[in-house]
Amino acid sequence: MTLSSPAIPRGPTLVERLPRGSVLLVPALLFLLLFYVYPLAQLIGASLPGGSGKNYALIFSRPVFLRVIAETFRVSLVVMAVTVLVAFPYAYAMANAGRRALLFLTIALLIPFWVSLLLRSFSWIVLLQNTGLVNQVLLGLGLIETPLKLIRTEIGVILGMVHVLLPYAVLPLYSVMKKIDMRLMEASSICGASWFHGFRRVYLPMALPGVLAAAILTFTLALGFYITPALLGSPRDMMIAQMIAGQFSEQLNFGLGAALAVVLMGLTALAFALFGLGRVLLARRAAA
Amino acid sequence: MMTDRLRKTLFWAFVCATALFLLVPTLIIVPMSFSAGSRLVFPPEGVSLRWYGKVLSDPDWRAALGNSLLVGSATAVLASALGTAAAMMLNTASFRGKALVLGFLLSPMVTPVIVFGVGSYLVFARWGLAGTHAGLIAAHTVLAIPFVLVSVLASLRMVNPNLALASAGLGASRLFTFRRVTLPLILPGVISGAVFAFITSWDEVVVAMFVANTGTRTVPIMIWNQVRTSLDPATAAVGAILIAVSAIGVVLSYTLKESDR
């Protein structure tokens, strides 16, 4: 008696189990693995020469590096606060404007978005230099007697960075605000609440997810800024990106530069993780 | 107590000041580039085209313009091909980890560009891509893929999926359906993705600084080197050329999108 082997229903093979059309995703994924993930991984390797963590030990013990990290955090926090504060009314205006005002505000927001950051920093140098437009106007109005030193200072860096980051803060705020039903504000005012009270207790809580998104996006992008602080700031208040560039192009200490780059990557990832956490907490509170 | 009217006036004054803050430093380069004087000041000293003449006759600037155009166009083609294919798949498929894949494909947008720049520098030196156009194109394509993806995905969401089904039902192959049905419908999205990819490369300086050499340097690198040494109206003229090219691209892609409606 021969046993004819019963046809065992075979499960789908690995390839068959892949979602339909996966082959379309392969080129982009392979490309990014090769030219994006691999270079970043190599950076981690280069930061640990012979498996030793001496570069990291150096970064976290020498005051010169700790100061740069602290400075990067401080500037990023200030820039984040100023950007969100300026972006909030702008986004509010966009969310509640008529067609033509909305068009104007959108164009004013998107033109800088598509002009290179390098050129805008260059313009800021021209505007802020001792003989620049800003000093000319202030002198002309009699507000100051000698030109203010605005470039190679922190004011210059903050102005330049806020200018670059403003669209990144306005867009998430706007997308949340345009969904807010303004009749709720009317209702609060009919119920006798002052405008400020209504704003604080009704509008602001609804806009909070947008504020959070804007804050975290501006903060994380600010951490990695290189061009603007290099052109508008003083070398004394260096940010971490400038130090990374210096290690690679001037000091030629690739291991240390790579370690600094990994630290910056880690800080950026950490900030995004906090953002995820904040969103979860907000959603929980809304559900409760 | 502030009246409603006063509050509204103050509010709109602040918003208009913000709009000026956005626009003035962005566009002031254009009038300054037409200066006849040799100092970079505003208002410019007289009107002339001398700085444009100087830039366009300088072999270094011309070589840089050529490099920028070459790298930008190649980046636009490569990033649109890779990004459009990925968007086609992500639009129709639903699978576990899709959000993760999308997040990964978009992550070059938020990775600090200095980190990516020095990473590419390390790897390209070993691969023999340092200082080559190919290396620069590959690195810029990484930065440009997210823009194509966002733009094409937005277009695909507007396409009725039944059209592709109808085409398949009538016996068309998937390639034929893509070429004759889907692609014409999403073309404005693909083109605006390609334009954004071009501009990403056209304006990019940090990665280029670490990847290019004197033979392959692009316009932004020349500007970067100039700005650090002196303020020269020639730099403003180059900047105005950069802005003009970007503006043509953006207007082109918006016109296409509008005419599509």
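Here is how names work: the chains are called A, B, and so on, in the same order as the sequence lines, proteins then strands, and each is numbered from 1.
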Heavy-atom proximity to chain B below 4.5 Å, by part of [X]:
X        : answer
A:Thr220 : neither
A:Phe272 : side chain
A:Gln247 : neither
A:Val37  : side chain
A:Leu118 : side chain
A:Ile44  : neither
A:Gln136 : side chain
A:Ala46  : side chain
A:Leu260 : neither
A:Tyr226 : side chain
A:Phe113 : neither
A:Leu223 : neither

Looking at side-chain heavy atoms only, is the closest gap between [X] and [Y] below 4.5 Å?
X        : Y        : result
B:Val115 : A:Leu43  : yes
B:Pro112 : A:Thr268 : yes
B:Leu122 : A:Phe248 : yes
A:Leu231 : B:Arg228 : yes
A:Phe35  : B:Ser120 : no
B:Val118 : A:Gln42  : no
A:Phe31  : B:Ile145 : yes
B:Leu23  : A:Ile107 : no

Just checking [X]: does its [atom1] atom have more than 12 heavy atoms from other residues, nucleotides or ligands closer to it than 6.0 angstrom?
X        : atom1 : value
B:Leu100 : CG    : no
B:Lys8   : NZ    : no
A:Ile155 : CD1   : no
B:Arg5   : CZ    : no

Residue pair A:Met243, B:Ile114: steps toward the side chain to side chain contact (heavy atoms under 4.5 Å, CB included) verdict: CA-CA 10 Å; A:Met243 189 161 246; B:Ile114 182 86; over 6 Å; no

query: For A:Leu29 and B:Leu105, what are the C-alpha separation, side-chain angles and deciding distance, and is it a side chain to side chain contact (heavy atoms under 4.5 Å, CB included)?
result: CA-CA 8 Å; A:Leu29 285 179; B:Leu105 291 172; 3.9 Å; yes

Quick one: [atom1] on [X] to [atom2] on [Y], what's the gap to the nearest 0.5 Å?
X        : Y        : atom1 : atom2 : answer
B:Glu204 : A:Ser116 : CD    : OG    : 10.0 Å
B:Asn91  : A:Leu24  : CG    : CG    : 11.5 Å
B:Ile28  : A:Leu133 : CD1   : CG    : 5.5 Å
A:Leu117 : B:Asp203 : CG    : CG    : 9.0 Å
A:Leu105 : B:Thr18  : CG    : OG1   : 9.5 Å
A:Arg120 : B:Leu27  : CZ    : CG    : 10.5 Å

Atom group of [X] that falls short of 4.5 Å from chain A, counting heavy atoms:
X        : answer
B:Val205 : side chain
B:Phe178 : neither
B:Met109 : backbone
B:Trp127 : side chain
B:Ser107 : both

message: Quick check: closest heavy atoms across A:Tyr90 and B:Ala19, and the distance to 0.1 Å?
response: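 That closest heavy-atom pairing would be CE1-N, 4.0 Å.
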
Minimum heavy-atom distance B:Phe14-A:Pro89, with the two atoms named: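 Scanning both residues completely, I find the closest heavy atoms to be CE2-CG, 3.4 Å.
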
Between [options], which has the largest tally of heavy atom pairs under 4.5 Å with chain A?
options                               : result
B:Trp12, B:Phe116, B:Phe95, B:Phe196  : B:Phe196
B:Leu22, B:Val123, B:Val15            : B:Leu22
B:Ala247, B:Ala139, B:Ala86, B:Ser246 : B:Ala86
B:Ala236, B:Ala79, B:Gly119, B:Gly249 : B:Gly119
B:Leu20, B:Leu149, B:Val24, B:Val110  : B:Val110
B:Thr235, B:Leu90, B:Val250, B:Val113 : B:Thr235

Output the option from [options] having the highest count of non-hydrogen pairs under 4.5 Å with chain B.
options                      : value
A:Ser121, A:Ala261, A:Pro112 : A:Pro112
A:Gly224, A:Ala93, A:Pro27   : A:Ala93
A:Ala230, A:Ala108, A:Ala241 : A:Ala108

Examine [X] together with [Y] and report whether their ring centres are nearer than 6.0 Å.
X        : Y        : value
B:Phe198 : A:Trp114 : no
B:Phe11  : A:Trp195 : no
A:Phe122 : B:Trp224 : no
A:Phe254 : B:Tyr121 : yes

message: Run A:His163 and B:Thr26 through side chain to side chain contact (heavy atoms under 4.5 Å, CB included) and show every step you take.
response: CA-CA 9 Å; A:His163 188 249; B:Thr26 307; 3.3 Å; yes

